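From a predicted model like this one, the values you see are computed outputs, not experimental measurements. Position 1 is the first residue of the sequence; numbering continues from there. Every heavy atom of this structure was used, including side-chain atoms; hydrogens, water molecules and symmetry mates were not.
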Amino acid sequence: MKIPTISIPITQIPLQKNIQLFLKREDLIHTHISGNKYWKLFYNINSYIDQNPANLFIITFGGAFSNHIAAVAALGKEFQLKTLGIIRGDELQDKWQENPTLKLAHQNGMDFRFVSREEYKNKEKLTQILEKEFPHALIIPEGGTNKDAVEGIKFMLTEETKRFDYLCSAVGTGGTIAGISKFAKENQKILGFKVVDDQSLYNKVSELSTKNNFELIEAHDGKYGKITDENIRFINDFKQKYRIQLDPIYTGKMMKKLFELIEEDYFPAGTKILAFHTGGLQGISGANELLKKQNRRLIDIN
Ligand SMILES: Cc1ncc(COP(=O)(O)O)c(C=O)c1O
(Lines give C-alpha, C1' and ligand atoms only; values in the text may rest on other atoms or scores of the structure.)
Protein backbone atom coordinates (compact mmCIF):
# COMPACT_ATOMS: atom_id res chain seq x y z
CA MET A 1 0.00 0.00 0.00
CA LYS A 2 1.39 3.42 -0.95
CA ILE A 3 0.81 6.88 0.57
CA PRO A 4 -2.08 8.62 -1.28
CA THR A 5 -2.42 12.34 -2.13
CA ILE A 6 -5.09 14.22 -0.13
CA SER A 7 -6.80 17.59 -0.65
CA ILE A 8 -6.75 20.07 2.22
CA PRO A 9 -9.17 22.87 3.23
CA ILE A 10 -8.22 26.56 3.50
CA THR A 11 -9.82 28.58 6.34
CA GLN A 12 -10.00 32.37 6.67
CA ILE A 13 -8.74 34.00 9.88
CA PRO A 14 -10.83 37.20 10.07
CA LEU A 15 -8.80 40.32 10.99
CA GLN A 16 -9.72 43.91 11.85
CA LYS A 17 -7.24 45.17 9.23
CA ASN A 18 -7.44 45.36 5.47
CA ILE A 19 -5.35 42.21 5.16
CA GLN A 20 -6.71 38.81 4.22
CA LEU A 21 -5.21 35.97 6.22
CA PHE A 22 -5.91 32.28 5.56
CA LEU A 23 -4.65 29.02 7.05
CA LYS A 24 -4.19 25.89 4.96
CA ARG A 25 -5.05 23.08 7.35
CA GLU A 26 -2.37 20.49 6.65
CA ASP A 27 -2.79 19.58 10.32
CA LEU A 28 -6.06 17.84 9.39
CA ILE A 29 -4.37 15.18 7.23
CA HIS A 30 -3.93 12.77 10.14
CA THR A 31 -3.58 13.13 13.93
CA HIS A 32 0.07 12.06 13.95
CA ILE A 33 1.23 12.13 10.32
CA SER A 34 0.18 15.73 10.06
CA GLY A 35 1.06 18.59 7.81
CA ASN A 36 4.39 18.89 6.18
CA LYS A 37 5.60 15.53 7.59
CA TYR A 38 3.14 13.67 5.39
CA TRP A 39 4.38 15.44 2.28
CA LYS A 40 8.07 15.28 3.23
CA LEU A 41 7.76 11.51 3.61
CA PHE A 42 5.56 11.04 0.53
CA TYR A 43 8.25 10.48 -2.16
CA ASN A 44 10.84 9.14 0.27
CA ILE A 45 8.61 6.26 1.29
CA ASN A 46 6.70 5.67 -1.93
CA SER A 47 9.87 5.30 -4.01
CA TYR A 48 11.35 3.01 -1.36
CA ILE A 49 8.17 0.87 -1.46
CA ASP A 50 8.49 0.72 -5.28
CA GLN A 51 12.07 -0.54 -5.03
CA ASN A 52 11.71 -2.89 -2.02
CA PRO A 53 8.28 -4.47 -1.93
CA ALA A 54 9.37 -6.91 0.84
CA ASN A 55 11.11 -6.35 4.21
CA LEU A 56 10.39 -2.63 4.37
CA PHE A 57 12.36 -1.01 7.18
CA ILE A 58 12.61 2.70 7.88
CA ILE A 59 15.17 4.29 10.18
CA THR A 60 15.16 7.92 11.21
CA PHE A 61 16.46 10.36 13.84
CA GLY A 62 14.87 12.73 16.34
CA GLY A 63 14.62 14.21 19.80
CA ALA A 64 12.25 12.98 22.50
CA PHE A 65 9.34 15.25 21.45
CA SER A 66 9.94 15.04 17.69
CA ASN A 67 6.90 15.42 15.41
CA HIS A 68 8.92 13.66 12.72
CA ILE A 69 9.49 10.58 14.93
CA ALA A 70 5.76 10.55 15.75
CA ALA A 71 4.90 10.81 12.04
CA VAL A 72 7.27 8.06 10.88
CA ALA A 73 5.99 5.70 13.59
CA ALA A 74 2.34 6.41 12.71
CA LEU A 75 3.09 6.00 9.01
CA GLY A 76 4.81 2.71 9.77
CA LYS A 77 1.68 1.47 11.48
CA GLU A 78 -0.66 2.74 8.78
CA PHE A 79 1.36 1.31 5.86
CA GLN A 80 2.79 -1.81 7.58
CA LEU A 81 6.44 -0.71 7.60
CA LYS A 82 8.95 -1.64 10.31
CA THR A 83 10.43 1.48 11.93
CA LEU A 84 13.44 2.30 14.12
CA GLY A 85 13.98 5.69 15.79
CA ILE A 86 17.50 6.82 16.69
CA ILE A 87 16.71 9.05 19.66
CA ARG A 88 18.87 11.88 21.02
CA GLY A 89 19.75 11.39 24.71
CA ASP A 90 20.85 8.07 26.23
CA GLU A 91 19.36 9.20 29.57
CA LEU A 92 15.95 8.35 28.04
CA GLN A 93 16.85 4.67 27.83
CA ASP A 94 15.14 3.83 31.13
CA LYS A 95 12.40 6.45 31.17
CA TRP A 96 11.09 6.80 27.62
CA GLN A 97 7.69 5.45 28.73
CA GLU A 98 7.20 8.75 30.60
CA ASN A 99 7.47 10.67 27.31
CA PRO A 100 4.11 10.87 25.44
CA THR A 101 5.71 11.12 21.95
CA LEU A 102 7.96 8.09 22.43
CA LYS A 103 5.26 6.10 24.21
CA LEU A 104 2.85 6.57 21.30
CA ALA A 105 5.58 5.95 18.69
CA HIS A 106 6.33 2.66 20.43
CA GLN A 107 2.61 1.76 20.51
CA ASN A 108 2.69 2.41 16.76
CA GLY A 109 5.40 -0.23 16.42
CA MET A 110 8.61 1.84 16.46
CA ASP A 111 11.73 0.40 18.09
CA PHE A 112 14.29 2.76 19.57
CA ARG A 113 18.01 3.13 19.89
CA PHE A 114 19.07 5.82 22.34
CA VAL A 115 22.36 7.58 21.65
CA SER A 116 24.29 10.17 23.66
CA ARG A 117 23.95 13.81 22.63
CA GLU A 118 27.62 13.70 21.57
CA GLU A 119 27.08 10.67 19.28
CA TYR A 120 23.86 12.17 17.93
CA LYS A 121 25.71 15.26 16.71
CA ASN A 122 27.73 13.12 14.30
CA LYS A 123 24.84 11.81 12.21
CA GLU A 124 27.09 11.09 9.26
CA LYS A 125 28.99 8.51 11.28
CA LEU A 126 25.77 7.13 12.80
CA THR A 127 24.29 6.79 9.31
CA GLN A 128 27.35 4.91 8.02
CA ILE A 129 27.09 2.43 10.92
CA LEU A 130 23.35 1.95 10.29
CA GLU A 131 23.86 1.51 6.53
CA LYS A 132 26.30 -1.34 7.23
CA GLU A 133 24.02 -2.96 9.79
CA PHE A 134 20.80 -2.56 7.77
CA PRO A 135 21.79 -2.42 4.07
CA HIS A 136 18.15 -2.60 2.84
CA ALA A 137 16.71 0.00 5.18
CA LEU A 138 15.56 3.45 4.12
CA ILE A 139 17.46 5.93 6.33
CA ILE A 140 15.68 9.28 6.50
CA PRO A 141 17.54 12.29 7.98
CA GLU A 142 16.41 14.21 11.09
CA GLY A 143 13.28 16.24 10.38
CA GLY A 144 12.88 14.31 7.11
CA THR A 145 14.54 17.03 5.04
CA ASN A 146 16.19 15.91 1.79
CA LYS A 147 15.61 16.40 -1.95
CA ASP A 148 12.66 13.96 -2.07
CA ALA A 149 11.05 15.78 0.86
CA VAL A 150 11.31 19.10 -0.98
CA GLU A 151 9.62 17.52 -4.03
CA GLY A 152 6.76 16.19 -1.85
CA ILE A 153 5.99 19.70 -0.58
CA LYS A 154 4.67 20.56 -4.06
CA PHE A 155 1.39 18.88 -3.02
CA MET A 156 0.86 21.66 -0.47
CA LEU A 157 0.59 24.08 -3.41
CA THR A 158 -2.59 23.82 -5.46
CA GLU A 159 -4.72 25.83 -7.88
CA GLU A 160 -6.25 27.54 -4.83
CA THR A 161 -2.92 28.64 -3.31
CA LYS A 162 -2.03 30.56 -6.50
CA ARG A 163 -4.25 33.52 -5.54
CA PHE A 164 -2.16 34.50 -2.49
CA ASP A 165 0.54 37.18 -2.44
CA TYR A 166 2.46 35.60 0.46
CA LEU A 167 2.96 31.95 1.44
CA CYS A 168 4.18 31.36 5.03
CA SER A 169 5.49 28.38 6.98
CA ALA A 170 7.43 27.64 10.16
CA VAL A 171 11.04 26.59 9.51
CA GLY A 172 12.95 23.91 11.40
CA THR A 173 15.29 21.95 9.14
CA GLY A 174 14.27 24.01 6.07
CA GLY A 175 12.79 21.38 3.73
CA THR A 176 9.22 22.66 3.87
CA ILE A 177 9.98 26.29 3.08
CA ALA A 178 12.43 25.15 0.38
CA GLY A 179 9.61 23.19 -1.29
CA ILE A 180 7.17 26.09 -1.00
CA SER A 181 9.79 28.41 -2.49
CA LYS A 182 10.60 25.97 -5.29
CA PHE A 183 6.98 25.37 -6.36
CA ALA A 184 5.41 28.79 -5.72
CA LYS A 185 4.26 30.98 -8.59
CA GLU A 186 6.72 33.58 -9.81
CA ASN A 187 4.86 36.59 -8.32
CA GLN A 188 4.42 34.99 -4.86
CA LYS A 189 6.60 35.96 -1.90
CA ILE A 190 7.64 33.30 0.58
CA LEU A 191 8.13 33.95 4.30
CA GLY A 192 9.75 31.32 6.50
CA PHE A 193 9.48 31.74 10.28
CA LYS A 194 12.60 30.25 11.85
CA VAL A 195 11.90 28.46 15.13
CA VAL A 196 15.54 27.52 15.48
CA ASP A 197 18.47 29.92 15.80
CA ASP A 198 20.48 28.43 12.94
CA GLN A 199 22.35 30.89 10.74
CA SER A 200 23.16 28.23 8.14
CA LEU A 201 19.47 27.81 7.25
CA TYR A 202 19.35 30.48 4.56
CA ASN A 203 22.02 28.76 2.46
CA LYS A 204 20.51 25.34 3.06
CA VAL A 205 17.04 26.48 1.93
CA SER A 206 18.49 28.31 -1.04
CA GLU A 207 20.36 25.21 -2.18
CA LEU A 208 17.32 22.93 -1.78
CA SER A 209 14.92 25.38 -3.39
CA THR A 210 17.26 26.65 -6.14
CA LYS A 211 15.42 30.00 -5.89
CA ASN A 212 15.80 33.21 -3.91
CA ASN A 213 12.13 34.24 -3.68
CA PHE A 214 12.05 33.67 0.10
CA GLU A 215 12.88 35.53 3.28
CA LEU A 216 13.57 33.99 6.67
CA ILE A 217 12.24 35.75 9.77
CA GLU A 218 13.45 34.98 13.31
CA ALA A 219 10.60 33.54 15.40
CA HIS A 220 12.50 31.37 17.91
CA ASP A 221 12.55 33.28 21.21
CA GLY A 222 16.30 32.56 21.47
CA LYS A 223 16.27 28.79 21.45
CA TYR A 224 14.55 25.90 19.67
CA GLY A 225 11.70 24.51 21.78
CA LYS A 226 11.57 27.41 24.25
CA ILE A 227 7.95 28.02 25.32
CA THR A 228 7.38 31.49 26.77
CA ASP A 229 4.29 32.61 28.70
CA GLU A 230 3.49 34.91 25.75
CA ASN A 231 3.52 31.89 23.39
CA ILE A 232 1.05 30.06 25.62
CA ARG A 233 -1.21 33.11 25.96
CA PHE A 234 -1.17 33.61 22.18
CA ILE A 235 -2.02 29.94 21.44
CA ASN A 236 -4.84 29.88 23.99
CA ASP A 237 -6.30 33.21 22.79
CA PHE A 238 -6.05 32.07 19.17
CA LYS A 239 -7.86 28.85 20.00
CA GLN A 240 -10.61 30.69 21.81
CA LYS A 241 -11.07 33.22 19.05
CA TYR A 242 -10.70 31.07 15.91
CA ARG A 243 -11.32 27.52 17.24
CA ILE A 244 -8.01 26.34 15.74
CA GLN A 245 -5.34 24.57 17.79
CA LEU A 246 -1.73 25.69 17.27
CA ASP A 247 1.35 23.93 18.63
CA PRO A 248 3.90 25.69 20.87
CA ILE A 249 7.07 24.85 18.87
CA TYR A 250 6.21 25.66 15.24
CA THR A 251 2.79 26.98 14.22
CA GLY A 252 2.18 28.97 17.43
CA LYS A 253 5.47 30.81 16.95
CA MET A 254 4.82 31.43 13.26
CA MET A 255 1.31 32.81 13.82
CA LYS A 256 2.39 35.01 16.74
CA LYS A 257 5.17 36.58 14.65
CA LEU A 258 2.86 36.87 11.63
CA PHE A 259 0.28 38.72 13.75
CA GLU A 260 3.04 41.06 14.97
CA LEU A 261 4.11 41.78 11.38
CA ILE A 262 0.49 42.49 10.38
CA GLU A 263 0.14 44.80 13.39
CA GLU A 264 3.35 46.65 12.38
CA ASP A 265 1.97 47.18 8.82
CA TYR A 266 4.71 45.03 7.31
CA PHE A 267 2.21 44.04 4.58
CA PRO A 268 0.58 46.61 2.27
CA ALA A 269 -3.23 47.01 2.56
CA GLY A 270 -5.13 44.42 0.57
CA THR A 271 -2.40 41.75 0.83
CA LYS A 272 -3.60 38.14 0.73
CA ILE A 273 -1.57 35.88 3.00
CA LEU A 274 -1.69 32.10 3.21
CA ALA A 275 -0.01 30.41 6.19
CA PHE A 276 0.39 26.63 6.27
CA HIS A 277 -0.72 24.91 9.47
CA THR A 278 1.95 22.21 9.49
CA GLY A 279 0.57 20.27 12.47
CA GLY A 280 2.81 19.32 15.40
CA LEU A 281 -0.16 19.01 17.75
CA GLN A 282 1.08 15.69 19.12
CA GLY A 283 3.79 17.69 20.96
CA ILE A 284 1.27 19.51 23.16
CA SER A 285 0.87 16.77 25.77
CA GLY A 286 4.65 16.55 26.30
CA ALA A 287 4.87 20.35 26.48
CA ASN A 288 2.03 20.46 29.01
CA GLU A 289 3.76 17.88 31.21
CA LEU A 290 6.86 20.06 31.33
CA LEU A 291 4.77 23.18 32.01
CA LYS A 292 2.91 21.38 34.81
CA LYS A 293 6.23 20.52 36.49
CA GLN A 294 7.19 24.20 36.24
CA ASN A 295 3.82 25.27 37.77
CA ARG A 296 3.00 27.28 34.64
CA ARG A 297 -0.14 27.93 32.65
CA LEU A 298 -0.92 25.02 30.32
CA ILE A 299 -1.85 24.99 26.65
CA ASP A 300 -5.63 24.57 26.40
CA ILE A 301 -6.55 21.44 24.49
CA ASN A 302 -10.35 21.31 24.84
C1 LIG B 1 4.75 21.17 12.99
C2 LIG B 1 5.95 21.50 12.17
N3 LIG B 1 5.95 22.63 11.45
C4 LIG B 1 7.00 23.01 10.71
C5 LIG B 1 8.14 22.23 10.66
C6 LIG B 1 9.31 22.73 9.89
O7 LIG B 1 9.62 21.94 8.81
P8 LIG B 1 11.10 21.87 8.24
O9 LIG B 1 11.88 21.02 9.20
O10 LIG B 1 10.93 21.23 6.92
O11 LIG B 1 11.64 23.24 8.18
C12 LIG B 1 8.19 21.02 11.38
C13 LIG B 1 9.33 20.11 11.29
O14 LIG B 1 9.23 19.17 10.52
C15 LIG B 1 7.07 20.65 12.16
O16 LIG B 1 7.07 19.52 12.90
Side-chain angles (χ1 to χ4, degrees), residues 23-40 60-74 85 87-89 92 99-105 117 120 141-145 149 168-177 191-198 201 205 216-239 244-260 275-294 296-301:
L23 257 186
K24 186 157 184 276
R25 303 290 309 277
E26 309 287 339
D27 58 309
L28 299 177
I29 293 180
H30 184 284
T31 321
H32 303 294
I33 322 169
S34 62
N36 58 337
K37 264 72 60 193
Y38 188 90
W39 301 120
K40 288 206 285 186
T60 197
F61 303 84
F65 297 98
S66 165
N67 294 321
H68 171 68
I69 286 288
V72 171
I87 310 297
R88 180 180 58 227
L92 291 160
N99 175 289
T101 301
L102 297 182
K103 205 168 137 190
L104 186 64
R117 280 152 207 280
Y120 190 87
E142 181 181 47
T145 285
C168 306
S169 174
V171 179
T173 54
T176 307
I177 205 71
L191 287 187
F193 293 80
K194 278 170 63 185
V195 302
V196 47
D197 184 11
D198 176 354
L201 267 172
V205 174
L216 297 185
I217 289 174
E218 311 286 328
H220 50 68
D221 301 301
K223 189 175 161 233
Y224 173 76
K226 182 171 169 183
I227 305 173
T228 65
D229 291 343
E230 290 74 36
N231 295 144
I232 300 170
R233 198 173 314 123
F234 178 84
I235 290 169
N236 289 347
D237 289 351
F238 191 91
K239 171 91 176 272
I244 296 174
Q245 182 78 62
L246 301 173
D247 83 291
I249 312 297
Y250 292 94
T251 55
K253 294 199 178 199
M254 167 185 71
M255 289 310 284
K256 181 169 176 287
K257 189 73 195 175
L258 187 51
F259 269 44
E260 283 164 15
F276 291 91
H277 190 321
T278 44
L281 305 181
Q282 69 80 32
I284 295 176
S285 39
N288 270 347
E289 284 190 14
L290 289 178
L291 292 168
K292 216 184 285 174
K293 282 187 194 148
Q294 295 165 357
R296 291 171 58 199
R297 182 177 173 186
L298 304 187
I299 299 159
D300 296 337
I301 43 170

Handout entry: Thr173 and Lys40, any side-chain heavy atoms less than 4.5 Å apart
Key = yes
Handout entry: Check against side chain to side chain contact (heavy atoms under 4.5 Å, CB included), Thr101 and Gln282
Key = CA-CA 7 Å; Thr101 301; Gln282 69 80 32; 2.9 Å; yes
Exercise for the section: Report yes if some heavy atom in the side chain of Pro248 is under 4.5 Å from a heavy atom in the side chain of Ile284; otherwise report no. Expected result: yes
Practice task
I would like to know whether Val171 and Val195 meet side chain to side chain contact (heavy atoms under 4.5 Å, CB included); could you show each step before the answer?
Solution key: CA-CA 6 Å; Val171 179; Val195 302; over 6 Å; no
Practice task
Determine whether Lys223 and Val196 make a side-chain contact, defined as any pair of heavy atoms from C-beta on separated by less than 4.5 Å.
Solution key: no
Exercise for the section: Assess the pair Phe259 and Phe234: is the distance between their ring centroids shorter than 6.0 Å? Expected result: yes
Problem - Note, Phe238 side chain near Ile244 side chain (heavy atom, < 4.5 Å) - result: yes
Handout entry: Any donor-acceptor pair under 3.5 Å from Tyr250 side chain to Phe193 backbone
Key = no
Exercise for the section: Find out whether Lys226 and Thr228 are in side-chain contact, i.e. whether some heavy atom of one side chain is under 4.5 Å from a heavy atom of the other. Expected result: yes
Exercise for the section: Determine whether Ser34 and Thr278 make a side-chain contact, defined as any pair of heavy atoms from C-beta on separated by less than 4.5 Å. Expected result: no
Exercise for the section: Check whether any side-chain heavy atom of Glu142 sits under 4.5 Å from a side-chain heavy atom of Arg88, and report yes or no. Expected result: yes
Problem - Pairwise side-chain contact, Trp39 with Glu26, heavy-atom cut-off 4.5 Å (strictly under) - result: yes
Handout entry: Presence of salt bridge, Asp229 and Arg297, under 4.0 angstrom
Key = no
Practice task
Give, for atom CD1 of Ile177 and atom CG of Leu216, the distance between the pair rounded to the nearest 0.5 Å.
Solution key: 7.0 Å
Handout entry: Pairwise distance NZ(Lys256) to CG(Asn231) - rounded to 0.5 angstrom
Key = 5.5 Å
Completion exercise
Output for pair (Leu298 CG, Leu290 CG), nearest 0.5 Å, gives 11.0 Å
